[in-house]
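When reading the values below, keep in mind they use all heavy atoms of this one structure, side chains included, and skip hydrogens, waters and symmetry mates. Numbers here simply count residues along the sequence, with the first being 1.
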Amino acid sequence: MSSHLGVPVDQAGDRELWDRAAGGDEGAFGELFERHAEAVWNHAYRLTGSWSGAEDLTSTTFLTAWRRRADVTLVRDSALPWLYTVAGNAARDEYRGAKRRLRLLRRIPDPPVVSDHADAVAEQLDGEQRLQRVVEAVRTLPRAQREVVELCLLGDLSTGDAAALLTVAEGTVRSHLSRARARLRALLEEK
């Protein structure tokens with residue numbers, strides 16, 4: 001447990017840890033990772049509907065955080081809103097890239113079907129498929145509603161923290177959430 005100016009790393013607040021990390025303190029960044037990796041992974045899972053996708057997205061988020069550690073602006077002295085935003089942006093980038101790759105793959109003829117243990121795996125993935133339908137529905141929302149849903153519903157941020165991060169009034173966040181919930185209900189009931 002390293003310390004800086006007498007405060008142990010595991011007892012320092014996020015802002016102090018970011019300041020230390022910006023100065024090159026890898027231990028401080030490691031503590032931030034330990035503190036927030038699980039929450040970021042959970043958020044990434046809700047964004048992607050995939051365990052492996054969540055692992056990749058979490059890695060990308062913290063790699064971006066390390067690279068941009070000197071540029072980070074914390075909301076209410078917490079790194080989590082910023083990390084959620086990075087994860088959301090990375091998920092959208094990956095989704096757009098996946099759509100491009102899928103268009104390319106559609107030009108290639110399908111290989112012959114070979115039976116395997118897919119039926120057993122399919123049963124286990126039912127929860128992931130339901131979440132994937134939600135993720136797809138969220139992607140169809142207007143940008144402002146989508147951002148609020150990703151931060152508040154998928155990211156578990158309070159409406160106040162989301163408002164501060166998005167630099168809008170808290171009432172605006174609540175309004176976007178209300179409209180988004182109604183639209184998501186309608187979209188998911190159609191399927």
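For Thr159, the side-chain contact (heavy atoms from CB on, under 4.5 Å) test picks out Cys152, Glu170, Val173, Arg174, Leu177, with sequence neighbours left out. When the side-chain contact (heavy atoms from CB on, under 4.5 Å) test is applied to Arg139, the partners found at least two apart in sequence or on another chain are Tyr95, Gln132, Val135, Glu136. Scored by the side chain to side chain donor-acceptor pair (under 3.5 Å) test, Arg76 finds Asp161 as partners (sequence neighbours excluded). Remark: Glu34 pairs with no residue by the side chain to side chain donor-acceptor pair (under 3.5 Å) rule, at least two apart or across chains. By the side-chain contact (heavy atoms from CB on, under 4.5 Å) test, Glu147 is found to be paired with Arg143, Leu166, residues two or more places apart in sequence or in another chain being considered. Applying the side-chain contact (heavy atoms from CB on, under 4.5 Å) test to Arg92 and every residue at least two apart in sequence or in another chain returns Asn89, Arg96, Arg146, Glu150. For His43, the ring pair (Phe, Tyr, Trp, His ring centres under 6.0 Å) partners at least two apart in sequence or on another chain are Tyr84. Asp14 pairs by the salt bridge (Lys or Arg N to Asp or Glu O under 4.0 Å) definition with Arg35, not counting sequence neighbours. By the side chain to side chain donor-acceptor pair (under 3.5 Å) test, Asp71 is found to be paired with no residue, residues two or more places apart in sequence or in another chain being considered. Under the side chain to side chain donor-acceptor pair (under 3.5 Å) criterion, Thr167 pairs with no residue, sequence neighbours left out.
Closest approach of Thr58 and Ala44 over heavy atoms only: OG1-CB, 4.0 Å. The two residues Ala21 and Arg69 make their nearest non-hydrogen contact at O-NE, 2.8 Å. Taking both residues in full, the closest heavy atoms of Leu32 and Ala79 are given as CD2-CB, 4.4 Å, listed atom of the first, atom of the second, then distance. The two residues Leu188 and Ala137 have their closest heavy-atom pair at CD2-CB, 4.0 Å. Here the closest heavy-atom approach between residue Thr48 and residue Gly53 is recorded as OG1-C, 4.0 Å. The minimum heavy-atom distance between Val149 and Ala180, with the atom names listed, is CG2-CB, 3.4 Å.
The salt bridge (charged side-chain N to carboxylate O under 4.0 Å, His left out) analysis of residues 41-57, with sequence neighbours excluded, yields the pairs Arg46-Asp156. Applying the ring-ring contact (aromatic ring centres under 6.0 Å, His included) test to every pair with at least one member in residues 58-81, sequence neighbours left out, gives these pairs: Phe29-Trp66, Phe33-Phe62.
Side-chain atoms of Leu165 and Leu151, non-hydrogen and from C-beta on, do get closer than 4.5 Å to each other.
In this structure, the side chain of Ser178 does not engage the main chain of Ser175 through any donor-acceptor pair within 3.5 Å. At least one donor-acceptor pair under 3.5 Å links the side chain of Thr64 to the backbone N or O of Thr60. Asn42 contributes a side-chain N or O that, together with a main-chain N or O of Glu38, makes up a donor-acceptor pair within less than 3.5 Å.
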query: Between Leu80 and Val40, does a side-chain contact (heavy atoms from CB on, under 4.5 Å) hold up when you go through it step by step?
result: CA-CA 8 Å; Leu80 210 46; Val40 170; 4.2 Å; yes
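Rounding to the nearest 0.5 Å gives a distance of 11.0 Å between CG of Asp25 and CG of Asp19. Within the model, atoms NE2 of His36 and OG of Ser78 stand 5.0 Å from one another, a figure rounded to the nearest 0.5 Å.
In this structure, Leu17 is not a member of the same hydrophobic cluster as Leu63, with clusters built from ILVMFWY side-chain heavy atoms closer than 4.5 Å.
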